[in-house]
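What's counted below: heavy atoms across the whole structure, side chains too, no hydrogens, waters or symmetry copies. Reminder, nothing fancy here: chain letters follow the sequence lines and each chain counts from 1.
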Amino acid sequence: MAFLYLDIETDNSQGLGLDPFRSKVATLQLLLPNGRPCIIKDPENLDALKPILERNIVVGTNLKFDIKFLKHHFGVNITQIFDIMIAEQVLSGGELTGFTKGRSLKDLVFKYCGAMLDKTEQTGFKHGVPLTKSQEEYVINDIKYLPQILKQQQAKIKATGLEAVIEREMSTIPSVVWLELSGMPLDLKRLKEIEARDTHRKEALEAELKKELSCAGSQQTLNQTPSIKHINLNSTKQLTEALKAKGYKIESTSKEALSMYAADPLIQKLREYKKLQKKLSSFIKTMPDFIHPVTGRIHPSFDQYGTRSGRFSCREPNLQQQPSRGEEGAEWRAIFRARHGYKIVAADFSQIELRILGELAEEQEFIRAYTQGIDLHRLTASKIFKVPLEEVTKTQRSIAKTVNFGLNYGMWKNGLQLRLREDAHIEVSLGEAEQFIRDFQQAYPAATNYLNRISKEGLQKLALRNRAGRLLKLSTPRNEREEGTVKREAKNLPIQSLCADIIKDALKNIYARLEPKGVLFINTVHDELVFECKEEQAEAVSRAVKEEMEKAGSLFLKDLPCVAEVTVADYWRKD
DNA sequence: CTTTTGGGCGCG
DNA sequence: AAAGCGCGCCCAAAAG
């Protein structure tokens, strides 16, 4: 097996050069193992090259892009990959998140070879038009530095012991290709019905609110009447002023700030307005624009290393933040609907972050609960309220749930009070909140010790490694407030990142089993994987996904089980 | 005029 | 005494 250095240029004459469904490959450049460059102009098929591409390790930058084109146009399935952009992120400990922030080819060529790459030719390629001299030079330049970069990165990987993480990230790339080509199915008719109803409702609320709020303004300050009359409800500044004029003691218009007026009719109306405004502007309005003209589906861009923890991020549109909570959320998720004769299989890990905390901290009470199938929130409730397990009330359990999750993130009493108010609609004093935290710490001393230890270690070293070997860099704090942030990050990142490693490991094996069967991989949301498959496949797909997710969990968690819950439905459902 | 920043809020 | 972690998107306001 040898290294093959690869890059492609795509036809950008319609400005669609990034779209594998609407653009052709204009050139394919290879650097053969013997160092010889080779340019294939306007490939019609790659039958001769296919075995070579599939049997060697393909090296390049942001290879998901190239591989998508080669798979879609030529049926070439590249699975052995070394992507220098992804490698750089692994080496940087997740510092280089977001696009073109020091991880592009240009950046890496400069960093490792000291050369300046001229990218001005990048967007000028066209299928069927011969290369100019300058274009030819450009495409060779794009591959000629790859061997040097690879070599230096490999040395660093070895020196830092990041081989396993590199391996995991590289073997995730075929799944990202699978994901982006698959796309999410959308029921546009259902979306339009929701849009009509919500737009109507929002406009009614807007009119009422403007009337009530401008009224207060004219009483208060006569000369400002015109501006207040046309209050923009989306302007936090104007809205704060208007509410202050009405006598509300607020400094911000966030829902937390407004939560102390939860019983006030005007505030209720305002919160409903804000919710609808958010839903309409962020989700409803733009979604139809993302329907792909060729596939009729939604094809977001996924970044497998989009976060410091190694989680995926997603954009245009972000399918990781679609409303899901409550009745409204359930209704919204139903717009993501499988084709006729197909089902959507969604699998998510049950309370995986708390399980990871239990494992890492060797917290025997967590281990006992998860091993024996005791509900951890109920267990915590019984401990902090000092009642037997079976006597825990609904309210007590929901308080305990907030405490369990919050402590994982290093929450303080004020934060706990706020979260209880927001999530559980439970009002507690600061003293009570403080007591809950103490009770938690007393009930779970090992978890408490672990979190204290790791936060100190994080602050001291400004870098951590998770159980899967992933490097987690923390930024140097400039003041005490930032020190606090670093300590909280240090508590959370080893847990969050291990979840990312587990899901990536599962994904690699799921790809091998399900992609060849024509199953589509349509979304991933941190601890959840979503697929679309033929109805008759749904049972087998569910089993395979559950099996691989739990197997991946047991690779890293030894003392307690990881459980994946699978649902099969006509649409993307959360159970 | 365009770009950047910050508040706010959707998800895990 | 003490701002709960990780993201992307929309909008308004400020900055260039």
Worksheet entry | Inter-nucleotide C1' distance (dA2(C), dG7(B)), Å rounded | 23 Å
Worksheet entry | dC9(B) versus dA1(C) - spacing of their C1' atoms, nearest Å | 28 Å
Measure from [atom1] on [X] to [atom2] on [N] and round the result to the nearest Å.
X: I454(A); N: dC5(C); atom1: CD1; atom2: P; value: 17 Å
X: F290(A); N: dG8(C); atom1: CZ; atom2: P; value: 14 Å
X: E480(A); N: dA3(C); atom1: CD; atom2: P; value: 10 Å
X: F283(A); N: dC10(C); atom1: CZ; atom2: C1'; value: 10 Å
X: Q321(A); N: dG6(C); atom1: CD; atom2: C1'; value: 13 Å
X: F302(A); N: dC11(B); atom1: CZ; atom2: C1'; value: 13 Å
X: D527(A); N: dC7(C); atom1: CG; atom2: P; value: 16 Å
X: L416(A); N: dA3(C); atom1: CG; atom2: C1'; value: 14 Å

Practice prompt. Quick one: sort the W332(A) and F283(A) rings into parallel, tilted or perpendicular, breaks at 30° and 60°.
Written response: tilted
Item to complete: Could you check whether the rings of F531(A) and W178(A) sit parallel, tilted or perpendicular, using 30° and 60° as the cut-offs?
Response: tilted
Give the nucleotide from the list [options] with an atom nearest to the side chain of [X].
X: R315(A); options: dG8(C), dC5(C), dG8(B); answer: dG8(C)
X: R308(A); options: dG12(B), dC7(C), dC9(B); answer: dC7(C)
X: R311(A); options: dG6(C), dC10(C), dA13(C); answer: dG6(C)
X: V525(A); options: dG6(C), dG12(B), dA1(C); answer: dG12(B)
X: R481(A); options: dA12(C), dG7(B), dA3(C); answer: dA3(C)
X: K285(A); options: dG12(B), dG10(B), dC11(C); answer: dC11(C)

Should we count [atom1] of [X] as having more than 12 external heavy atoms under 6.0 Å?
X: K274(A); atom1: NZ; result: yes
X: E422(A); atom1: CD; result: yes
X: H292(A); atom1: NE2; result: yes

Base, sugar-phosphate alone, or nothing: which one does [X] contact when heavy atoms must sit under 4.0 Å apart?
X: T485(A); answer: sugar-phosphate
X: R488(A); answer: sugar-phosphate
X: S309(A); answer: nothing
X: Q496(A); answer: base
X: E316(A); answer: sugar-phosphate
X: C314(A); answer: sugar-phosphate
X: G484(A); answer: nothing

May I ask you to verify if any side-chain N or O of [X] is less than 4.0 angstrom from the OP1 or OP2 atom of [N]?
X: K255(A); N: dG10(B); value: yes
X: S313(A); N: dG8(C); value: yes
X: S282(A); N: dG8(B); value: no
X: N232(A); N: dA12(C); value: yes
X: Q238(A); N: dA13(C); value: yes

Worksheet item: Taking the six-membered ring of F436(A), is NZ or CZ of K413(A) closer than 6.0 Å to its centre and within 45° of its axis?
Response: no
Worksheet item: Just checking, is any N or O donor in the side chain of S104(A) or D107(A) under 3.5 Å from an acceptor N or O on the other one?
Response: yes
Worksheet item: Going by atom types alone, do T380(A) and N404(A) pair a side-chain donor with an acceptor below 3.5 Å?
Response: yes
Fill in: Pairing of E483(A) and K487(A) as salt bridge, 4.0 angstrom limit
no
Discussion item. Under a 4.0 Å threshold between the charged nitrogen and the carboxylate oxygen, would K285(A) count as salt-bridged to E195(A)?
Written reply: no
Practice prompt. Please evaluate the base of dG10(B) for a donor-acceptor partner in the side chain of R325(A) within a cut-off of under 3.5 Å?
Written response: no
Practice prompt. Take R467(A) and E359(A) through the salt bridge (Lys or Arg N to Asp or Glu O under 4.0 Å) test and state the conclusion after the steps.
Written response: CA-CA 10 Å; R467(A) 182 172 279 197; E359(A) 168 89 17; 2.6 Å; yes
Discussion item. Does anything in residues 265-281 of chain A come within less than 4.0 Å of DNA chain C? Heavy atoms only, and list the residues if so.
Written reply: Q277(A), K278(A), S281(A)
Worksheet item: Dot-bracket for DNA chain C, 5' to 3', counting Watson-Crick or G-U wobble pairs under 3.5 Å, with [ ] for crossing pairs and | for inter-strand pairs?
Response: ....||||||||||||
Practice prompt. Kindly determine whether F349(A) and H526(A) satisfy ring pair (Phe, Tyr, Trp, His ring centres under 6.0 Å), including the steps that lead there.
Written response: CA-CA 9 Å; F349(A) 280 119; H526(A) 313 311; over 10 Å; no
